[in-house]
2 protein chains.
Amino acid sequence: MKELKSSVHKTFAILEHFTNKKPEWGVTELAEEIGSNKSTVYRFLSDLDKLGIAYKHPVTEKYSLGLKLFELGCRVQLKSAFVDKTHPELIEVAKMISETVHIAILKNCQVFHVDKVESPQGLKLSTHVGSFAPAYSTSLGKVLLAFLPPKEQEKTLDVILKDTKPVAFTKHTITSGKTLKKELKEIKSKGYALDKEESELGLVCVGIPIFNQNNEVVASLSASGPATRFEEENVANYVAILKTGADAIQEKIGFFKP
Amino acid sequence: MKELKSSVHKTFAILEHFTNKKPEWGVTELAEEIGSNKSTVYRFLSDLDKLGIAYKHPVTEKYSLGLKLFELGCRVQLKSAFVDKTHPELIEVAKMISETVHIAILKNCQVFHVDKVESPQGLKLSTHVGSFAPAYSTSLGKVLLAFLPPKEQEKTLDVILKDTKPVAFTKHTITSGKTLKKELKEIKSKGYALDKEESELGLVCVGIPIFNQNNEVVASLSASGPATRFEEENVANYVAILKTGADAIQEKIGFFKP
DNA sequence: AACAGTGTTTTAATACATGAAACAGCAAAA
DNA sequence: TTTTGCTGTTTCATGTATTAAAACACTGTT
């Protein structure tokens, strides 16, 4: 935190430590983690607590994220204009498909997970709402790339292939520009994408585009599961279910464009 | 903003202006609204944009709340421990009841709206997720008050009745301690509460408690609509539907306690 | 071309952030 | 019971980030 120059940056560097994995921090504990003076950290947390952005548990005296932050999160336009409308459909799809399902948008040339519904029978994935993933190695991302207008696709692929070198997560990951472009053409013509163990061994995802009412692709919808459950014959069935979800979503989102 | 003493407070005073009603602000516009110098406001917004907490639209150059804030909002424990689990049930209840439904908790002796699902046929209400409402004049609040342990109820009522004088929103609003206590006893015995035009003329709400698996009341669930649709015979039906929702929620939330 | 309006940058003055040290409180160990 | 250890909280002189006025850059309109 010493290298940060503004209080705004420091404030959010503090908040960044509160995750679903570690939702609570004591002052001294957090100060050590950050490498900052504990009275400085205390002052930030104390101010944040006064604002309801953080919450100090009366008994344990540990801090967690507060209700005001939840409320502010709900004010983000993506939430009201998109997630609130699409979430019920996502729940339906998860029920029908019995796998974990996601909706994502393309943001900074990456996949941004906008929503996720797990199925009791579905695989537990490491993704969470708000997490980013590489576009080139996920079905969510490849679909979004495939349906980009040509100029925009070129620019985005430039960023992905040149500015940020693609990492091979598994032996199946597509890292060559030539192969990826060929794959995107195929996805565009078939209307869906597969991630066949490209991002994680044993994991297969099938993703399709979500159109708005202007027939622009604005997001993608996917189902993820173990390779054993994603055989060729199942995929066509999954795509059909995803499509009913995407069609229902299209009806609801109007001209939304992220 | 001049009176605020810390940058943390100033940061969130800025963010507070971004609402669902006015989601976008220009620098100069916001500076005028706040009564601050525009270069000061610009620096805050610029820092927030760099962090993804705000988002500067490239074309309009107006700022709105950013995806990072949405992600941080999802990290609040109330979201993962409660809202994500209860929301599907809330959707079901809204479908069955064809009215707008809410879930709320008691926070700072007030009702905090945790979630809301509107029905196409339902009334549009001014509440939003994250908004507070008085506990004494809403069915959501009265139920929560009624099921508080006696000592805690006494303390909470002290705050409501003495520290913060109850306002009469309509001619029906209960503002007398004696009447309210009598009402709470009745609610406790009947198991549901009615707001009969107490918070808003023409509006009736019926609310019931949500129990966790320790049989503690942790939240309340309500349906709201026009007085014409909330006749005596309908109420019993609504309560029955709400109860199926509350029972399903109880199964899902474990020992959650806000 | 001039003007108006917005967002962005610069820089001397000033407000407030920082961190070391002290303090307060609680629980565990001696 | 006293001592020790640990955490969160407060104090205050010093350091530095913030502030706001002014200038600048850019776009659109007259």
Side-chain angles (χ1 to χ4, degrees), chain A residues 1-19 21-69 77 108, chain B residues 1-19 21-69 77 108:
Chain A
M1 191 151 102
K2 295 182 184 242
E3 322 86 45
L4 298 172
K5 289 296 167 64
S6 79
S7 290
V8 172
H9 279 86
K10 287 170 190 172
T11 298
F12 287 96
I14 294 259
L15 292 174
E16 192 62 35
H17 285 85
F18 295 87
T19 64
K21 278 193 189 148
K22 186 149 175 50
E24 301 193 330
W25 291 86
V27 174
T28 304
E29 182 190 16
L30 185 53
E32 271 167 19
E33 181 72 22
I34 290 176
S36 236
N37 183 272
K38 72 170 173 171
S39 62
T40 299
V41 172
Y42 169 76
R43 210 175 49 89
F44 273 101
L45 289 174
S46 179
D47 280 345
L48 291 167
D49 176 46
K50 284 194 190 95
L51 291 165
I53 299 293
Y55 173 65
K56 187 184 108 172
H57 294 255
V59 177
T60 62
E61 297 194 307
K62 285 175 183 278
Y63 290 81
S64 59
L65 296 180
L67 294 179
K68 186 67 192 176
L69 193 58
Q77 276 176 302
N108 300 329
Chain B
M1 190 152 103
K2 295 181 184 244
E3 323 86 44
L4 297 172
K5 290 297 168 61
S6 77
S7 290
V8 173
H9 280 86
K10 289 171 190 173
T11 298
F12 288 96
I14 295 259
L15 292 173
E16 193 62 36
H17 285 83
F18 295 87
T19 64
K21 280 195 190 148
K22 187 150 174 48
E24 301 193 331
W25 290 88
V27 174
T28 305
E29 182 190 15
L30 184 53
E32 272 166 17
E33 181 70 23
I34 290 176
S36 238
N37 183 273
K38 74 171 173 171
S39 63
T40 298
V41 173
Y42 169 76
R43 209 178 50 92
F44 273 102
L45 289 174
S46 179
D47 280 345
L48 291 167
D49 176 46
K50 286 194 188 91
L51 292 166
I53 299 293
Y55 173 67
K56 189 183 103 167
H57 294 256
V59 176
T60 62
E61 297 193 309
K62 284 175 184 279
Y63 290 80
S64 60
L65 296 181
L67 295 180
K68 186 67 192 177
L69 192 58
Q77 275 176 302
N108 300 331

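All of these numbers come straight from a predicted model, not from anything done at the bench. Convention: sequence-line order gives letters A, B, ...; per-chain numbering from 1.
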5'-most contact on DNA chain C: B/Ser39 or B/Glu32, nearest heavy atom basis? B/Glu32
Let me know the distance between NZ of B/Lys38 and P of D/dC24, rounded to the nearest Å. 14 Å
Could you check whether B/His17 and B/Glu33, counting side-chain N and O atoms only, form a donor-acceptor pair closer than 3.5 Å? no
So, does A/Arg43 get its side chain near the phosphate of C/dA17, meaning an N or O under 4.0 Å from OP1 or OP2? yes
Can you tell me the distance, in whole Å, between the NZ atom of A/Lys50 and the C1' atom of D/dT9? 11 Å
Please report, rounded to the nearest Å, how far the P atom of C/dT14 is from the NZ atom of B/Lys5. 18 Å
Between C/dC16, D/dG8, D/dA20, which nucleotide gets closest to the side-chain atoms of B/Lys10? C/dC16
Those residues of residues 57-64 of chain B lying under 4.0 Å from DNA chain D by at least one heavy atom: none
What is the separation between atom CG on B/Asn37 and atom P on C/dT10, rounded to the nearest whole Å? 16 Å
Donor-acceptor under 3.5 Å (A/Lys21 side chain, A/Pro23 main chain): no
Kindly point out which of D/dT18, C/dA17, D/dA21 is positioned nearest to the side chain of B/Ser6? C/dA17
Go through it in stages, so that I can follow the logic: the residues are A/Leu67 and A/Tyr55, the test is side-chain contact (heavy atoms from CB on, under 4.5 Å), and I'd like the CA-CA distance, side-chain angles, deciding distance and then a yes or no. CA-CA 8 Å; A/Leu67 294 179; A/Tyr55 173 65; over 6 Å; no
Nucleotide of C/dA20, D/dT9, C/dG7 approaching A/Val27 most closely (side-chain heavy atoms): D/dT9
Nearest whole Å is fine: how far is C/dT6 C1' from B/Trp25 CH2? 16 Å
For B/Thr28 and C/dG7, is the shortest distance between a side-chain N/O and OP1 or OP2 below 4.0 Å? yes
List the steps, then state whether side-chain contact (heavy atoms from CB on, under 4.5 Å) holds for A/Lys22 with A/Thr19. CA-CA 5 Å; A/Lys22 186 149 175 50; A/Thr19 64; 4.0 Å; yes
Between A/Val8 and A/Ser46, which residue's closest nucleotide on DNA chain D lies nearer the 5′ terminus? A/Ser46
Separation between CG (A/Leu30) and CZ (A/Phe44), nearest 0.5 Å, reads 11.0 Å
Tell me the interatomic distance from B/Tyr42, atom OH, to D/dA22, atom C1', rounded to whole angstroms. 16 Å
Distance check needed: D/dT18 C1' versus B/Leu45 CG, whole Å only. 15 Å
Send over the distance from B/Lys56 NZ to C/dT6 P, rounded to a whole Å. 15 Å
Is there a donor-acceptor pair closer than 3.5 Å between any side-chain N or O of B/Lys50 and the backbone N or O of B/Gly52? no
Take B/Tyr42 and B/Leu45 through the test side-chain contact (heavy atoms from CB on, under 4.5 Å) and record every step on the way to the result. CA-CA 5 Å; B/Tyr42 169 76; B/Leu45 289 174; 5.7 Å; no
For the side chain of A/Ser7, starting at C-beta, report the closest nucleotide among C/dA17, D/dT10, C/dT6. C/dA17
